[in-house]
K.L.:
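I have a structure I would like to understand better, so I am pasting it below and will then ask my questions one at a time.
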Amino acid sequence: MSEKQIKKMIADTFLDIADALETGSFGRKPVIGIAVAGTELGMENIYEGACLAEKRGYKTVVIDGEDAHKEMEKMLEAGEIDGAVTMHYPFPIGVSTVGRVVTPGRGREMFLATTTGTSSTDRVEGMVKNAVYGIIAAKASGIEEPTVGIANIDGARQTEKALMKLAENGYPIKFGSSSRADGGVVMRGNDLLEASADVMVTDPLTGNLLMKIFSAYTTGGSYESLGYGYGPGIGEGFDKVIMIISRASGAPVIAGAVEYASQLIEANVLNIAEKEFEAANSAGLSEILESLKGDKKSSAPAEEVKMPEKEVVTYEIHGIEVIDLDDAAASLWAKGIYAETGMGCTGPVILVSEANGDTARKILEEADYIS
């Protein structure tokens, strides 16, 4: 070790002692590396973000240059930094990031699960995993029992059924409820603005879009000024705290990402993740994910069926995926029940007569179209 390194270590030690005397906390503060590669806002913005984080009491190191990622990884391996904030990081399949925003409706924080990366090549499987990832990030950020909602996008109902099954098997999920009159765990646009749930489950492309809107809606889009960035990469077995920001992330978001990273490290997010994955797997996560790939509609008619005589239909059955809507209606026709399909404000619906409502619902449940 060089004399310069020894002097720096001594200086850092005295700074840590001074911080501890001032705050009453005698644990070393995490050091967060900011690895810069491709920012559209210039180096001044990066240093401004680092300085803002330092003023808030967090410790940063700016890592610049063409090999910033390599240097960042070396410093993480050597323990010179505890976590990193960077751009364009190539996470492996199975790892994706949980963003953190402040919503305009109520000024509440919300975790977007997820915003970059790929939890799975299968959409619904990925969203189920994203729910667990979001719970991990929220718990490591100080929310003991985060509520979970699912954005009303393709795959939402299948995701809901899978998560309900996981909860029934013993994995503790506290489901949120929409602020709209009809409630439910599947959330609409209003719920996103209000943060009706602590964790909002979505696919990463939708989550990325939402993150950009929440971060830059006050600036016209070219400068992300709000929130904590696109979040940490989370996945089973992933053992680093690497946070993502974008080329348009402004100084406040960079500082927010440093704060987010520091909180995760101080809470030992990797240990929390290990426990959550263990609990989810004990509740049959792998089996539930595998069942999503199977033929869940084995009771659907194998050939074209004749439509029963038309009748007045006013009973609505919600919770069916749009891609399954026609097959679900056909499965009722095969049982002699007239049904029509429609699209309500909360998503696809099957319409039957009031007299056939309960029977139709039972048939659809048995065929696994609804839960």
Side-chain angles (χ1 to χ4, degrees), residues 105 123-124 127-128 131 147-168 173-197 199-203 206 210 288 291-292 295-371:
R123 179 182 182 82
V124 176
M127 288 173 64
V128 174
T147 55
V148 175
I150 306 165
N152 190 17
I153 56 177
D154 287 348
R157 294 298 180 179
Q158 288 173 283
T159 301
E160 177 187 15
K161 286 190 285 186
L163 290 177
M164 291 288 185
K165 181 64 175 177
L166 191 63
E168 288 172 8
I173 304 176
K174 185 176 181 181
F175 292 102
S177 181
S178 170
S179 65
R180 301 299 296 272
D182 48 354
V185 69
V186 176
M187 305 282 168
R188 273 76 85 191
N190 314 67
D191 298 303
L192 289 164
L193 296 173
E194 296 178 7
S196 296
V199 175
M200 195 65 67
V201 177
T202 181
D203 68 278
T206 304
L210 290 171
I288 291 170
S291 72
L292 295 173
D295 181 14
K296 298 183 292 181
K297 306 298 184 294
S298 57
S299 59
E303 55 187 43
E304 186 176 351
V305 295
K306 185 178 179 180
M307 183 177 69
E309 185 177 346
K310 189 171 183 178
E311 59 186 2
V312 176
V313 290
T314 56
Y315 186 93
E316 298 184 2
I317 301 175
H318 297 263
I320 300 169
E321 290 289 353
V322 65
I323 59 175
D324 297 328
L325 203 55
D326 289 338
D327 287 342
S331 71
L332 294 176
W333 293 355
K335 300 290 186 180
I337 296 176
Y338 176 74
E340 295 179 6
T341 61
M343 184 66 69
C345 64
T346 61
V349 295
I350 291 285
L351 298 163
V352 297
S353 68
E354 295 289 334
N356 287 329
D358 291 340
T359 302
R361 183 176 290 279
K362 185 176 180 180
I363 291 170
L364 295 175
E365 285 177 353
E366 289 175 349
D368 202 24
Y369 286 106
I370 60 175
S371 56

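The first residue in the sequence is number 1, and the count goes up from there.
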K.L.:
Report yes if the side chains of M187 and L192 come closer than 4.5 Å at any heavy-atom pair, otherwise no.
P.N.:
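Result no, sub-4.5 Å side-chain heavy-atom pair not found.
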K.L.:
Starting at OH of Y369, measure out to CD1 of I320 and round the result to the nearest 0.5 Å.
P.N.:
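Rounded to the nearest 0.5 Å, the OH-CD1 separation comes to 9.0 Å.
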K.L.:
With distance as the sole criterion, is a donor-acceptor pair present between the side chains of T206 and D203 under 3.5 Å?
P.N.:
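Judged by distance alone, the side chains do pair up.
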K.L.:
Start with the C-alpha distance between I173 and L166, add both sets of side-chain angles, then the distance that settles side chain to side chain contact (heavy atoms under 4.5 Å, CB included), and finish with yes or no.
P.N.:
CA-CA 8 Å; I173 304 176; L166 191 63; 4.2 Å; yes
K.L.:
Could you tell me the separation between the CG atom of L332 and the CG atom of L364, rounded to the nearest 0.5 Å?
P.N.:
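CG of L364 is found 4.5 Å from CG of L332.
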K.L.:
How close do G155 and V124 get, counting heavy atoms only, and between which atoms?
P.N.:
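Answer, listing the atom of G155 first, then V124: CA-CG2, 3.9 Å.
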K.L.:
Give me the atom names and distance for the closest heavy-atom approach of G183 to S177.
P.N.:
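Closest heavy-atom pair between G183 and S177: CA-OG, 3.7 Å.
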K.L.:
Drop me the distance from L292's CG to K165's NZ, to the nearest 0.5 angstrom.
P.N.:
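Atom-to-atom, L292:CG and K165:NZ are 12.5 Å apart.
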K.L.:
Let me see the working for K310 and E340 under side chain to side chain contact (heavy atoms under 4.5 Å, CB included), right down to the final yes or no.
P.N.:
CA-CA 9 Å; K310 189 171 183 178; E340 295 179 6; 3.4 Å; yes
K.L.:
Do E160 and R157 meet the salt-bridge criterion of a basic N to acidic O distance under 4.0 Å?
P.N.:
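Looking at R157 and E160, the cut-off is met.
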K.L.:
Can you find a heavy atom in the side chain of M307 that is under 4.5 Å from one in the side chain of Y338?
P.N.:
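Yes. Closest side-chain heavy atoms under 4.5 Å.
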K.L.:
Could you please spell out the steps behind the side chain to side chain contact (heavy atoms under 4.5 Å, CB included) verdict for I150 and M127?
P.N.:
CA-CA 9 Å; I150 306 165; M127 288 173 64; 4.1 Å; yes
K.L.:
Do D191 side-chain atoms and S179 backbone N/O form a donor-acceptor pair below 3.5 Å?
P.N.:
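Indeed, once roles are kept as given, a pair shorter than 3.5 Å links the two residues.
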K.L.:
Going from CD on E365 to NZ on K161, what distance comes out if it is rounded to the nearest 0.5 angstrom?
P.N.:
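Those atoms lie 10.0 Å apart.
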K.L.:
CD1/I337 to NZ/K335 distance, rounded to the nearest 0.5 angstrom?
P.N.:
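Here the interatomic distance stands at 9.0 Å.
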K.L.:
In the structure I gave you, are the side-chain heavy atoms of L351 and T341 within less than 4.5 Å of one another anywhere?
P.N.:
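L351 vs T341: side chains apart.
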K.L.:
With the side chain counted from C-beta on, respond yes when I370 and I317 share a heavy-atom pair under 4.5 Å apart, and no when they do not.
P.N.:
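In contact.
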K.L.:
Please check: side-chain N/O of R123 versus main-chain N/O of D154, any donor-acceptor pairing under 3.5 Å?
P.N.:
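Such a contact is found between R123 side chain and D154 backbone.
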K.L.:
Below 4.5 Å, heavy atoms only, C-beta onward: do L163 and F175 meet side chain to side chain?
P.N.:
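Heavy-atom side-chain distance check passes, below 4.5 Å.
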K.L.:
Which is it for V199 and T147 under the side chain to side chain contact (heavy atoms under 4.5 Å, CB included) test, yes or no, and what are the steps along the way?
P.N.:
CA-CA 6 Å; V199 175; T147 55; over 6 Å; no
K.L.:
Are the side chain of W333 and the backbone N or O of P308 linked by a donor-acceptor pair below 3.5 Å?
P.N.:
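Not a single qualifying donor-acceptor pair exists.
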K.L.:
Answer yes if the side chains of N356 and E311 hold a donor-acceptor pair under 3.5 Å, and no otherwise.
P.N.:
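There is such a pair (donor and acceptor under 3.5 Å, judged by atom type) between the side chains of N356 and E311.
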K.L.:
Rounded to the nearest 0.5 Å, how far apart are OG of S178 and CG of N190?
P.N.:
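The CG atom of N190 is 7.0 Å from OG of S178, to the nearest 0.5 Å.
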